[in-house]
Amino acid sequence: MMGQVAVVTGSSRGIGKAIAQRLASDGASVVINYRTQKEQAEEIVHNIIALGGKAIAFGADVSQPEEAQALIDTAIKEFGTIDILVNNAGINKDQLMIRISNDEWQQMIDTNLSAAFYCSKSAIKQMMRKRYGRIVAISSIVGLTGNAGQVHYAAAKSGLLGLSASIAREYGPRGITANVVAPGFIESDMTADLNQEQQAKIMSGIAVGRLGTGEDVASLVSFLASREASYVTSQVIRVDGGMAGV
Ligand code: NAP
């Protein structure tokens, strides 16, 4: 990925951080996007540069169209182009549907789905010019199965499948691929609240017998974002350790 430029939304921690670090070690110049965790994002940049890579941090709430545009504009201004966009930023808050307010619904859709539309729309203009691009969306297995307590989250994560498949069709002839990665249970702040009993129950259904790591997700993203993956598009690939019933 030498000479290529990647933007990873929500890469100040968790899965996004692992993806950004992996793409940087693959040789890409990376924009680390954060919403609140400026210091963590700057530390990641520091570490990438210390290892001989190129990175900058940029604060943007990608659920806001003008901030998403500013993120992509900054990548192009600082590094000259954009080749890879990973739509990773996400939030989750389990709640029964009858307790989800309209505002909470909207915030979930804005962050987990609309942000991917805003960023993709901004990035694809540059990608079309160079007739090359890789767009990867981080969905979730619950986007495939649905889940009690996650009506809003699952709806947004399902939406990413339609968004990606349509981008793949609309821009495939211009050398742009769009794929979805659907992680299972990955160790991060998002899953840190699970108690031991919940973890044990989850793990009993996972073939490899452990929770996943950000690096497990990043390995697949690295391939999908590479030149080698030019004939892989419109796919939904699970990184779930072989979860039963999915
Ligand atoms: P996490 O540890 O909670 O990190 C979320 C990241 O998203 C943070 O960097 C956060 O930035 C950023 N973010 C949130 N809202 C944002 C916004 N409006 N604009 C810009 N950045 C924003 O979550 P994670 O577990 O790494 O999850 C990453 C992605 O994987 C999410 O899309 C999640 O739905 C998906 N996923 C996770 C799991 C899992 O088991 N962990 C499973 C399936 C799918 P700040 O820290 O700066 O606020």
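As the structure lists them, so they are numbered: ligands from 1, and atoms in each ligand from 1. Along the sequence shown, residues are numbered consecutively beginning with 1.
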Return a yes/no value for G10: is any of its N or O atoms, backbone included, closer than 3.5 angstrom to an N or O of ligand 1? yes

For ligand 1, is S139 a contact, meaning one of its heavy atoms is under 4.0 Å away? yes

Can you tell me if T9 has a non-hydrogen atom under 4.0 Å from ligand 1? no

Heavy-atom nearest neighbour of atom 13 (N) of ligand 1 within options A116, A57, A89, G143: A89

Look at the side chain of S139 and the backbone N and O of K157, then say whether any donor-acceptor pair between them is shorter than 3.5 Å. yes

Does any N/O atom on T191 come nearer than 3.5 Å to any N/O atom on ligand 1? no

Mind checking whether I141 contacts ligand 1 via backbone (N, CA, C, O), side chain (CB onward), both or neither, at a 4.0 Å heavy-atom cut-off? neither

Proximity of T111 to ligand 1 by residue part, where a heavy atom lies under 4.0 Å: side chain

Check whether any N or O atom of Q37, backbone or side chain, sits under 3.5 Å from an N or O atom of ligand 1, and answer yes or no. yes

Return yes if some donor-acceptor pair links the side-chain N/O of D61 with the main-chain N/O of E67 below 3.5 Å, else return no. no

Geometry only, no angles: is S188 polar-contacting ligand 1 at N/O separations under 3.5 Å? yes

Please classify the F185 to ligand 1 contact at 4.0 Å (heavy-atom distances, strictly less than): side chain, backbone, both or neither. backbone

One thing to verify: whether D216 and R210 come together as a salt bridge, which I'm taking to mean a side-chain N less than 4.0 angstrom from a carboxylate O. yes

Can you check whether K54 reaches I48 side chain to side chain, under 4.5 Å on heavy atoms? no

For salt bridge (charged side-chain N to carboxylate O under 4.0 Å, His left out), just list the numbers for R134 and D83, CA-CA rounded to whole Å, side-chain angles, deciding distance to a tenth of an Å, and then say yes or no. CA-CA 6 Å; R134 299 279 182 266; D83 303 279; over 6 Å; no

Please list the nearest protein heavy atom to atom 31 (C) of ligand 1 with its residue and the distance rounded to 0.1 Å. N88 O, 3.2 Å

Quick check: T36 and ligand 1, any N/O pair under 3.5 Å apart? yes

Pick, from S114, G14, G90, the option with the minimum heavy-atom distance to atom 5 (C) of ligand 1. G90

Look at atom 9 (O) of ligand 1 and say which protein heavy atom is nearest, naming residue and atom and giving the distance to 0.1 Å. S12 OG, 2.8 Å

Are K38 and E42 ion-paired here, with the side-chain N under 4.0 Å from a carboxylate O? yes

Using a 4.0 Å cut-off to any heavy atom of K157, which atoms of ligand 1 qualify? 31 (C), 32 (O), 33 (C), 34 (O)

For N92, is the nearest heavy atom under 4.0 Å from an atom of ligand 1? no

Would you say the side-chain atoms of Q126 and T81 include a donor-acceptor pair closer than 3.5 Å? yes

Nearest candidate to atom 43 (C) of ligand 1, where distance is taken over non-hydrogen atoms, out of A18, P183, G212: P183

Any side-chain heavy-atom pair from L160 and N87 closer than 4.5 angstrom? no

Pair E104 + K93: basic N to acidic O under 4.0 Å: yes

So do the side chains of S120 and I167 get within less than 4.5 Å of each other, counting heavy atoms only? yes

For atom 1 (P) of ligand 1, grab the closest protein heavy atom and report residue, atom and distance to one decimal in Å. R13 NH1, 3.6 Å

Indicate whether the side chain of T213 and that of E187 have a donor and an acceptor atom separated by less than 3.5 Å. no

For I15 and ligand 1, does the shortest N/O to N/O distance drop below 3.5 Å? yes

A60 near ligand 1 by a heavy-atom separation under 4.0 Å: yes

So do the side chains of V236 and L144 get within less than 4.5 Å of each other, counting heavy atoms only? yes

Just going by heavy-atom distances, which of S140, G184, A192 is nearest to atom 42 (C) of ligand 1? G184

